Amino acid sequence: SVTANPADNRCDVGITCLNGGIDGTGPTVVGRTKCKAGKYNPVRGGSCDQSCPAGSFCPPGYPGKLLCPPGHFCPALAEYPTQLPEKFFGRKWGAVSNSDGAVACPAGYVCPAGTTVPLSCPPGQACAANTGTTSAAVVCPVNEFSGSEPLTSISSCLPCWRGHYC
């Protein structure tokens, strides 16, 4: 009979084993679980006792922390990044709250949730500052159009050219 070396059968990273760090892959599976949300285990045979710091996120079972991407924020113990709310955009890596690196959407643009770069207001519409979605944009009046620049108010709409339909 061959006896397995317990050191060769240690729990993998991102996993914790309740039986002293031995992976339950043999005849009896005992207490093998993924690290819970907001915790991680970067060491083979270790336990899931590392807390995910603010500015990072730690998916269940992942062996380490991941830096929070732009357009999102990650408080301490985050399982996944949270999108910045609409009407804001953010380019910062590792933001820890919805106000960390968030910038109000400028006039002439829309900023849906999770935006990293403001989007131009759709043609034929005007977008005031802090516009979150295209459904919040204001359509130019009948017989007027927006031209080529993003509009900040409907007073900037231009009359249709003579002989053209808008």
Side-chain angles (χ1 to χ4, degrees), residues 10-21 23-25 29-140 145-157:
R10 294 176 292 168
C11 264
D12 204 356
V13 294
I15 303 289
T16 190
C17 296
L18 302 178
N19 61 347
D23 187 356
T25 57
V29 177
V30 181
R32 182 175 191 246
T33 58
K34 289 182 178 180
C35 293
K36 290 186 166 74
K39 297 284 189 169
Y40 67 100
N41 169 22
V43 181
R44 187 170 169 82
S47 62
C48 298
D49 58 358
Q50 300 289 317
S51 293
C52 199
S56 298
F57 66 103
C58 301
Y62 193 77
K65 58 188 180 212
L66 298 168
L67 189 60
C68 200
H72 297 76
F73 65 95
C74 300
L77 303 176
E79 178 177 4
Y80 295 104
T82 301
Q83 290 183 332
L84 286 175
E86 62 180 39
K87 302 181 183 181
F88 293 90
F89 72 99
R91 296 181 181 147
K92 180 179 179 179
W93 285 89
V96 300
S97 69
N98 65 353
S99 61
D100 184 15
V103 179
C105 197
Y109 295 87
V110 294
C111 297
T115 299
T116 57
V117 176
L119 308 171
S120 290
C121 194
Q125 299 180 25
C127 298
N130 299 318
T131 300
T133 62
T134 55
S135 62
V138 179
V139 178
C140 285
F145 72 106
S146 64
S148 61
E149 296 296 317
L151 298 182
T152 58
S153 75
I154 59 169
S155 64
S156 300
C157 294

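All of these numbers come straight from a predicted model, not from anything done at the bench.
Scanning both residues, T131 and A137, for their nearest heavy atoms gives CG2-N, 4.2 Å.
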For residues 94-123, tabulate all N or O donor-acceptor pairs below 3.5 Å that involve a side-chain atom, not counting sequence neighbours.
residue : atom : partner : partner atom : Å
S97     : OG   : S99     : N            : 3.4
S97     : OG   : S99     : OG           : 3.2
S97     : OG   : D100    : N            : 3.4
D100    : OD1  : K92     : NZ           : 2.5
D100    : OD2  : K92     : NZ           : 3.0
D100    : OD2  : V96     : N            : 2.9
T115    : OG1  : P112    : O            : 2.4

Show me, pair by pair, the donor-acceptor contacts under 3.5 angstrom made by side chains of residues 64-86, not counting sequence neighbours?
residue : atom : partner : partner atom : Å
H72     : ND1  : P70     : O            : 3.0

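Atom CG of D49 sits about 7.0 Å away from atom NZ of K39, to the nearest 0.5 Å. To the nearest 0.5 Å, the span separating CZ on F57 from SG on C52 amounts to 8.5 Å.
Under the 2.5 Å cut-off for SG-SG separation, C58 and C35 do not qualify: their sulfur atoms lie farther apart than that.
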